[in-house]
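Since the structure comes first, as structure tokens, the remarks are kept for the end.
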Amino acid sequence: MGEVEKPVALVTGASRGIGRSIALALAAEGVRVAVNYVNSAAAAQDLVERITSQGGAAVAVQGDVSESAAVEAICQQTLETWGRLDLLVNNAGITRDTFLLRMKLEDWQAVINLNLNGVFLCTKVASKIMLKQRSGRILNITSVAGQMGNPGQANYSAAKAGVIGFTRTVAREFASRGITVNAIAPGFIATDMTEGLATAELLKAIPLGRLGKPEEVAGMARFLLTDPAAAYITGQVFNVDGGLVMA
Ligand code: NAP
């Protein structure tokens with residue numbers, strides 16, 4: 001990270017939910033934030049205005065991160081705006097839940113394309129910039145589903161487990177180049193993605209007895225991405241899950 005210049009972050013899927021909270025938490029630390037979204041232009045613009053009204057810097061960057069050309073354009077736009085890229089948060093994700101016997105190839109591919117291939121594409125393009133700068137931090141948002149499995153989520157849990165393997169490998173590849181790579185595994189967080197899921201049965205399975213808040217994931221993200229004390233952490237997966245997974 002530049003000592004004089006404020007660091008620049010790209011947060012994928014930052015228009016809503018966890019990504020939005022991470023963008024806000026980073027902006028509060030003085031980070032300039034590229035707010036990526038695919039459809040929610042108004043929500044992304046809203047977030048940009050909120051950050052700028054609080055004295056921060058942000059820009060909305062449209063693009064589907066499962067598409068190679070779009071990822072190039074997103075990173076290019078970030079570079080054109082601020083001339084650097086220090087932090088990447090691979091957060092964009094979707095679900096297409098159904099039991100395996102009913103899962104169509106399209107359901108499988110849509111989730112793998114965004115939740116796993118999108119992480120590959122963004123990391124490849126962003127890390128090229130970070131390697132030139134000789135510093136950077138990458139954070140991938142995985143899930144407890146990738147650690148413990150979840151009925152109805154064969155596609156999602158496969159992608160999220162893939163993200164964990166990817167995190168560890170890339171962390172090893174970049175360790176000598178000043179770039180750290182970590183992951184957060186959220187449990188059930190109250191966002192559009194989990195709407196209607198908070199049954200009594202689910203809450204009983206969570207030791208802390210409630211869903212998490214996006215800000216609670218963002219707190220860990222802020223530490224890993226901006227705190228000097230996180231410089232010696234790489235290749236790790238941090239659970240923010242109310243105690244759901246205890247390894
Ligand atoms: P969310 O509220 O549904 O928001 C998803 C975000 O991803 C939106 O900003 C959306 O943009 C963006 N997005 C979707 N498809 C995209 C694409 N092709 N290209 C770029 N952006 C795209 O989801 P969330 O709950 O915050 O989840 C965020 C991440 O955390 C995901 O990776 C998810 O798997 C993970 N996670 C969530 C939970 C949970 O309980 N919520 C638990 C574990 C892990 P638009 O607004 O433009 O559609």
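Every number for a ligand or one of its atoms is a count from 1 in the order of the listing.
Using modelled atom types and a 3.5 Å distance limit, the side chains of N90 and T123 yield a donor-acceptor pair. No side-chain donor-acceptor contact under 3.5 Å links Q109 and N155.
Pairs passing the side-chain hydrogen bond (donor to acceptor under 3.5 Å, both in side chains) check and including a residue from residues 40-60, sequence neighbours excluded, do not occur.
The salt bridge (Lys or Arg N to Asp or Glu O under 4.0 Å) test applied to R210 returns E216, not counting sequence neighbours.
Cluster partners of L203, by chain and number: V144, M148, F188, L197, L202, I206, L211, L244, V245. The rule joins Ile, Leu, Val, Met, Phe, Trp and Tyr whenever side-chain heavy atoms lie under 4.5 Å apart.
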- request: Evaluate the side-chain contact (heavy atoms from CB on, under 4.5 Å) criterion for residues L114 and V65: first the C-alpha distance (whole Å), next the side-chain angles of each, then the deciding distance (0.1 Å), finally the verdict.
  value: CA-CA 7 Å; L114 179 61; V65 298; 3.4 Å; yes
Starting from the N and O atoms of ligand 1, collect every protein N/O partner closer than 3.5 Å and put each pair on its own line with the distance to 0.1 Å.
| from | atom 1 | to | atom 2 | distance (Å) |
| --- | --- | --- | --- | --- |
| ligand 1 | 9 (O) | G13 | O | 3.2 |
| ligand 1 | 9 (O) | S15 | N | 3.4 |
| ligand 1 | 9 (O) | S15 | OG | 2.7 |
| ligand 1 | 9 (O) | R16 | N | 3.4 |
| ligand 1 | 11 (O) | S15 | OG | 3.2 |
| ligand 1 | 18 (N) | D64 | OD1 | 2.8 |
| ligand 1 | 19 (N) | V65 | N | 3.1 |
| ligand 1 | 25 (O) | T191 | OG1 | 2.5 |
| ligand 1 | 26 (O) | I18 | N | 2.8 |
| ligand 1 | 32 (O) | N91 | O | 2.7 |
| ligand 1 | 32 (O) | K160 | NZ | 2.9 |
| ligand 1 | 34 (O) | Y156 | OH | 2.5 |
| ligand 1 | 34 (O) | K160 | NZ | 3.1 |
| ligand 1 | 36 (N) | Y156 | OH | 3.4 |
| ligand 1 | 40 (O) | G187 | O | 3.3 |
| ligand 1 | 40 (O) | I189 | N | 2.8 |
| ligand 1 | 40 (O) | I189 | O | 3.3 |
| ligand 1 | 41 (N) | I189 | O | 3.3 |
| ligand 1 | 41 (N) | T191 | OG1 | 3.1 |
| ligand 1 | 46 (O) | S15 | OG | 2.7 |
| ligand 1 | 46 (O) | R16 | NE | 2.8 |
| ligand 1 | 46 (O) | R16 | NH2 | 3.3 |
| ligand 1 | 46 (O) | S40 | OG | 2.5 |
| ligand 1 | 47 (O) | V38 | N | 3.0 |
| ligand 1 | 47 (O) | N39 | N | 2.6 |
| ligand 1 | 47 (O) | S40 | N | 2.8 |
| ligand 1 | 47 (O) | S40 | OG | 3.4 |
| ligand 1 | 48 (O) | R16 | NH2 | 2.9 |

